[in-house]
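Structure first, commentary second.
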Amino acid sequence: MPHTYDPTNVFARILRGEIPNKTVMETPHTLAFHDIAPLAPQHVLVIPKGSYVTFDHFAAEASADEIVDFHRTCAQICADLGLSIGSGGPGYRAITNAGGHGGQEVPHYHLHLIGGRPLGRMIERA
Ligand code: 5GP
């Protein structure tokens, strides 16, 4: 089944400038901004500017330029926030939720970069 993008979702509205955001970094293909309800001292959302619903949609259909731009932006943010273990930082978690079982609330692909405190295990055992 094809991914159907809903252009009324809140991140599409942020990209159109209809809703304000606290921008962390912007590049030709990517926008990163602070989550409105942070789960840790640092909680940044990284989104592609293109109309992709989920991680797998982006991975399958985005251009190489978009994919590289997105991930290089993530790396720069990890460095800027002092989270990267490569420069002595404490680490962080990168999460993306997809669809119903994934608990995705906003149907525009986004990666959560979360850090600033120990985050415990990845997921609770059922
Ligand atoms: P999801 O559950 O889809 O993976 O995560 C959606 C995230 O978007 C949540 O962490 C939520 O707090 C955040 N969010 C929802 N609406 C807004 C908004 O208008 N602005 C910002 N900055 N974050 C939002």
Side-chain angles (χ1 to χ4, degrees):
M1 196 165 79
H3 288 91
T4 304
Y5 184 79
D6 171 10
T8 67
N9 79 74
V10 69
F11 294 169
R13 297 187 63 202
I14 284 175
L15 286 168
R16 288 195 296 268
E18 295 167 8
I19 296 176
N21 74 91
K22 292 187 177 170
T23 299
V24 173
M25 189 169 168
E26 182 169 10
T27 70
H29 295 297
T30 307
L31 179 68
F33 52 91
H34 291 286
D35 196 291
I36 201 167
L39 297 171
Q42 288 156 329
H43 188 166
V44 173
L45 300 171
V46 188
I47 70 172
K49 291 183 177 177
S51 301
Y52 303 102
V53 182
T54 60
F55 162 75
D56 61 283
H57 186 204
F58 180 71
E61 297 188 18
S63 69
D65 280 354
E66 290 175 297
I67 290 170
V68 170
D69 184 274
F70 183 89
H71 290 94
R72 292 281 195 269
T73 300
C74 292
Q76 189 63 54
I77 292 165
C78 290
D80 290 351
L81 295 181
L83 295 173
S84 174
I85 63 170
S87 48
Y92 60 93
R93 183 163 295 151
I95 301 173
T96 183
N97 301 314
H101 281 198
Q104 185 178 14
E105 292 176 4
V106 179
H108 180 112
Y109 171 48
H110 51 282
L111 195 71
H112 299 255
L113 293 177
I114 301 172
R117 66 170 173 82
L119 296 166
R121 295 281 302 165
M122 177 174 67
I123 192 169
E124 295 297 322
R125 291 194 186 281

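Order of listing sets the numbers, starting from 1, for every ligand and every atom in it.
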Check your understanding: Given that the side chain starts at C-beta and the backbone is N, CA, C, O, which of these parts of Tyr109 lies under 4.0 Å from ligand 1, counting heavy atoms, or is it both or neither?
Key -> neither

Check your understanding: Are the side chains of Asn97 and Glu105 in touch, meaning some heavy atoms are under 4.5 Å apart?
Key -> no

Point to revise | Region of Val10 engaging ligand 1 - heavy atom pairs below 4.0 Å | key: side chain

**Study point:** Protein heavy atom at shortest distance from atom 8 (O) of ligand 1
**Key:** Phe11 CZ, 3.4 Å

Exercise for review: Flag the pair Val24 / His34 as yes when at least one side-chain heavy-atom distance between them is below 4.5 Å, and no otherwise.
Suggested key: yes

Review point. How does Leu45 reach ligand 1, if at all, at less than 4.0 Å between non-hydrogen atoms: by side chain, backbone, both, or neither?
Key: side chain

Study note, to complete from the structure: Minimal heavy-atom distance between Asn9 and His108, with the atoms involved, is OD1-CB, 3.4 Å

Point to revise | For Asn97, atoms of ligand 1 separated by under 4.0 Å from a heavy atom | key: 1 (P), 2 (O), 4 (O)

Check your understanding: His112 versus Leu45: any side-chain heavy-atom pair under 4.5 Å?
Key -> yes

Review point. For ligand 1, is there an atom lying under 4.0 Å from some heavy atom of Val106?
Key: yes

Check your understanding: Any idea which atoms of ligand 1 are less than 4.0 Å away from a heavy-atom of Gly103?
Key -> 2 (O)

Practice item. Could you tell me whether a side-chain N or O of Lys49 sits under 3.5 Å from a main-chain N or O of Glu66, the two making a donor and an acceptor? Key: no

Revision key, fill the gap. For Ala37, the atoms of ligand 1 under 4.0 Å from one of its heavy atoms are 12 (O)

Exercise for review: Step through it carefully: locate the ring centre of Phe11, locate the ring centre of Phe33, and say whether they are under 6.0 Å apart.
Suggested key: yes

**Study point:** Heteroatom proximity flag, Phe33 to ligand 1, N/O under 3.5 Å
**Key:** no

Review point. Taking heavy atoms and a distance under 4.0 Å, where does His110 meet ligand 1: side chain, backbone, both or neither?
Key: side chain

Point to revise | Identity and separation of the nearest protein heavy atom to atom 22 (N) of ligand 1 | key: His34 O, 2.9 Å

Exercise for review: Ignoring hydrogens, just give me the one of Val44, Thr54, Ile36 whose non-hydrogen atom is nearest atom 20 (N) of ligand 1.
Suggested key: Ile36

Exercise for review: Using the side chain to side chain donor-acceptor pair (under 3.5 Å) rule, take Thr54 and Asp56 through it: C-alpha gap first, then chi angles, then the decisive distance, then the call.
Suggested key: CA-CA 5 Å; Thr54 60; Asp56 61 283; 2.8 Å; yes

Point to revise | pair Leu31-Ile14: side-chain heavy atoms closer than 4.5 Å | key: yes

Point to revise | Nearest neighbour in protein (non-hydrogen) for atom 3 (O) of ligand 1 | key: Glu105 N, 2.7 Å

Exercise for review: Check ligand 1 against His112 and write out every atom of the ligand that is under 4.0 Å from a heavy-atom position of the residue.
Suggested key: 1 (P), 4 (O), 5 (O), 7 (C), 10 (O)

Check your understanding: Is any side-chain heavy atom of Thr27 less than 4.5 Å from a side-chain heavy atom of Met25?
Key -> yes

Review point. Nearest to atom 7 (C) of ligand 1 by heavy atom, Ile95, Ile47, Asp35: which?
Key: Asp35

Point to revise | Aromatic centroids of Tyr52 and Phe58 separated by under 6.0 Å | key: yes

Exercise for review: Just jot down the ligand 1 atoms closer than 4.0 angstrom to any heavy atom of Gln104, in number order.
Suggested key: 3 (O)

Point to revise | Which atom of Leu15 lies closest to which atom of Pro48, heavy atoms considered | key: CD1-O, 3.9 Å

Practice item. Consider ligand 1: state whether an atom of it lies below 4.0 angstrom from any non-hydrogen atom of Arg13. Key: no

